[in-house]
Amino acid sequence: MDVGAADFARCLPSLRDRVGRAAFLGLDMEFTGLHSVFLQNNQPSLFDSPAERYQKVRQSVQRFTITQLGLAIFSEENSNKYVVHSYNFFLFPSTLGVMDAEFTLSASSIQFLSHYGFDYNKFLKDGIPYMNELQEKMLSQRLLEGSWKVCSAPNMNVVKKAIDEVTCWIAAAKEGDSMILQDLSDSQMLDVQLVLRQALPNVWTEPLGDNEVMVKKVSPQHRRLLESSSHDSCQKELILTSARGFTNLFQIIVKAKKPLVGHNMLMDLCHLHDKFYNPLPESYEEFKKNIHHLFPVLIDTKTVTKSIWKNYQFPRVSNLLEVYEVLCSSNLNPMDPSCPEIVLARDSVRYVLLKAAHLLLCSLTDDAAKANSSFSQYLTMLAEYLNKVNVIRGGVSSINFSGEDASCRYPPPLVVCVRGWPRLDERQIYQELQPLCRFDIRRLSENQFILLSNRFKHVIRVLRDYKNHPKLQISVYRHWRHSPHVNCLLKVSGIVALWSLLAFVLGGSPSRSP
């Protein structure tokens with residue numbers, strides 16, 4: 001079910017109820033970009049520590065925004081049967097008042113979304129607004145001060161036209177007379193009312209149906225009485241609720257504390273924090289703490305599938321559709337009446353991510369013959385994977401949001417010693433090795449480079465094929481032998497030892513007195 005700004009307020013009560021009764025929730029997002037090409041060394045690398053990877057993701061999240069958020073709500077109807085309601089929310093940053101977000105578009109991401117039929121009109125024209133807590137505080141302060149400003153250029157033109165019309169009308173109008181402003185969008189209706197009330201102390205405004213606003217001439221005393229009415233549509237709390245938009249649902253999800261399922265969800269979690277909670281902090285540890293507080297139970301299906309490759313003879317696939325097809329294949333998962341039944345609600349569409357997530361829960365149970373398995377039992381089977389979010393090509397395989405990050409068991413690093421090839425850089429070495437295999441490369445010294453790979457066969461292949469290369473001597477990296485710091489320490493120690501020896505030889509033994 002596609003949901004835009006026009007339908008969101010109407011859907012929110014039922015969403016609140018369904019989230020409250022859910023067994024677990026599934027999440028997927030689309031963005032205007034992933035990794036900025038304008039930021040140096042921002043691509044994922046096997047050299048990245050968890051904190052370094054977080055900083056790279058943080059920089060990208062600050063440049064891009066969310067275009068669409070998919071949410072699937074799984075309710076446990078009875079033993080082994082789940083009903084799922086799925087929603088696709090179109091989102092667009094709030095432009096209310098002084099708020100005017102800037103974000104970047106990545107050509108490859110836009111092309112990808114277009115290929116899969118993404119509706120940019122819904123994103124731009126009917127995107128649900130949202131804001132984080134810092135932005136809400138700024139907006140709240142503006143409302144208290146009565147210093148409302150319009151940032152949206154289209155809204156500004158509409159507001160100027162409305163002010164001109166009302167100013168001309170009110171000069172000849174009598175107290176109690178009214179006029180109608182027509183053809184206003186929801187945000188324009190609010191902007192027009194707040195600016196008119198701020199500029200003219202003897203007018204009152206009320207929203208009407210069909211995108212209209214009534215403007216009425218009143219006395220200042222009557223105006224004060226109307227402002228204290230509980231029915232005023234421009235009350236601060238009502239404005240903030242409207243401006244929060246999708247953040248209202250985010251807060252419902254956070255309060256519910258339901259297990260949250262995603263696939264390669266690190267970027268998703270960073271955007272959730274940045275767009276709906278607070279700007280991403282500098283500290284990696286603070287980020288982990290915040291996410292664990294917001295979502296105590298996380299399940300990354302990428303982490304799960306990576307772990308069951310060997311035990312279940314699971315092909316190494318990463319695309320969600322491929323994962324879904326493998327899990328549904330007769331070889332891996334033959335038809336079994338005890339498997340959970342997933343029923344799509346009438347207002348829902350097929351949602352690949354959450355179908356795959358639930359099938360993964362199925363595949364991990366050791367007692368698949370039990371037809372009355374509950375979701376709590378599946379969670380028990382998934383205990384070792386909870387809160388471990390996959391890291392794509394990094395120094396660790398996953399980030400543990402409820403504990404210490406575990407190190408990876410990667411092949412040993414290699415060191416390249418360059419001979420007779422001056423001014424060689426990382427890019428040239430990458431191009432040299434690319435036809436053979438893929439390595440991440442980092443300069444170690446003027447003529448030495450470290451190579452990292454996550455495939456043992458690549459390490460073996462390079463050691464074999466470059467064994468007798470005339471210019472590139474490649475060997476297994478040994479810290480005591482190749483580290484510049486160790487070499488520097490050894491040189492300094494050697495110099496000190498040599499000077500001590502010279503001092504001893506030149507100084508001779510002390511003479512004895514007669």
Side-chain angles (χ1 to χ4, degrees), residues 27-67 69 93 101-113 132 134 262-292 294-295 298 300 302-303 306 318 387-401 403-408 410 413 425-427 429-430 434 438-444 449-455:
L27 188 76
D28 190 26
M29 294 187 197
E30 303 296 346
F31 315 113
T32 58
L34 294 176
H35 306 289
S36 175
V37 297
F38 296 104
L39 300 172
Q40 285 190 341
N41 301 319
N42 198 51
Q43 291 297 316
S45 167
L46 293 173
F47 290 99
D48 293 343
S49 68
E52 288 171 335
R53 175 57 58 84
Y54 167 67
Q55 291 302 331
K56 288 183 176 182
V57 175
R58 178 175 177 265
Q59 289 178 337
S60 292
V61 167
Q62 290 171 336
R63 295 183 67 91
F64 300 111
T65 194
I66 307 168
T67 58
L69 186 148
E102 295 181 359
F103 57 86
T104 303
L105 297 176
S106 165
S108 59
S109 293
I110 299 303
Q111 190 176 45
F112 171 84
L113 293 174
N132 59 37
L134 178 62
H263 190 81
N264 270 333
M265 60 193 306
L266 177 58
M267 188 75 76
D268 296 338
L269 292 172
C270 287
H271 273 285
L272 286 175
H273 190 301
D274 189 70
K275 303 303 188 291
F276 311 122
Y277 178 57
N278 262 316
L280 287 168
E282 287 275 355
S283 166
Y284 167 66
E285 293 301 329
E286 184 180 349
F287 164 69
K288 284 181 61 174
K289 180 181 176 182
N290 291 347
I291 290 295
H292 189 54
L294 295 170
F295 310 109
L298 297 169
D300 190 333
K302 180 63 177 180
T303 300
K306 283 170 63 176
S318 57
N387 299 317
K388 294 178 181 176
V389 172
N390 183 61
V391 174
I392 300 173
R393 200 172 181 82
V396 296
S397 60
S398 62
I399 289 176
N400 185 358
F401 283 93
E404 295 294 325
D405 301 321
S407 58
C408 282
Y410 282 151
D425 59 21
E426 292 95 326
R427 182 181 59 82
I429 292 182
Y430 181 85
Q434 189 177 16
R438 179 183 174 186
F439 281 87
D440 288 346
I441 303 166
R442 180 172 290 180
R443 184 182 288 275
L444 184 63
F449 299 84
I450 291 183
L451 309 181
L452 283 183
S453 174
N454 54 5
R455 300 285 181 89

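Partners of R443 by side chain to side chain contact (heavy atoms under 4.5 Å, CB included), not counting sequence neighbours, listed by chain and number: D425, E426, F449. Considering only residues two or more places apart in sequence or on other chains, A406 meets the side chain to side chain contact (heavy atoms under 4.5 Å, CB included) condition with none of them. With sequence neighbours left out, the ring pair (Phe, Tyr, Trp, His ring centres under 6.0 Å) criterion links F64 to no other residue. When the salt bridge (Lys or Arg N to Asp or Glu O under 4.0 Å) test is applied to R63, no partner is found at least two apart in sequence or on another chain. R442 is linked by a salt bridge (Lys or Arg N to Asp or Glu O under 4.0 Å) to nothing, counting only residues two or more places apart in sequence or in another chain. With sequence neighbours excluded, no residue forms a side chain to side chain contact (heavy atoms under 4.5 Å, CB included) with S407. Take H271 and apply the ring pair (Phe, Tyr, Trp, His ring centres under 6.0 Å) test, not counting sequence neighbours, and it matches F31. The side chain to side chain contact (heavy atoms under 4.5 Å, CB included) check on S397 picks up K306, C408, with sequence neighbours excluded. Residues meeting the salt bridge (Lys or Arg N to Asp or Glu O under 4.0 Å) test with D405, sequence neighbours left out: K288. Residues passing the ring pair (Phe, Tyr, Trp, His ring centres under 6.0 Å) test with F401 are F287, sequence neighbours excluded. When the ring pair (Phe, Tyr, Trp, His ring centres under 6.0 Å) test is applied to F112, the partners found at least two apart in sequence or on another chain are Y116. Listed by chain and residue number, R58 satisfy the salt bridge (Lys or Arg N to Asp or Glu O under 4.0 Å) test with E282 (two or more places apart in sequence, or in another chain).
Rounding to the nearest 0.5 angstrom, the gap separating the CG atom in L444 from the CD1 atom in I450 is 4.5 Å.
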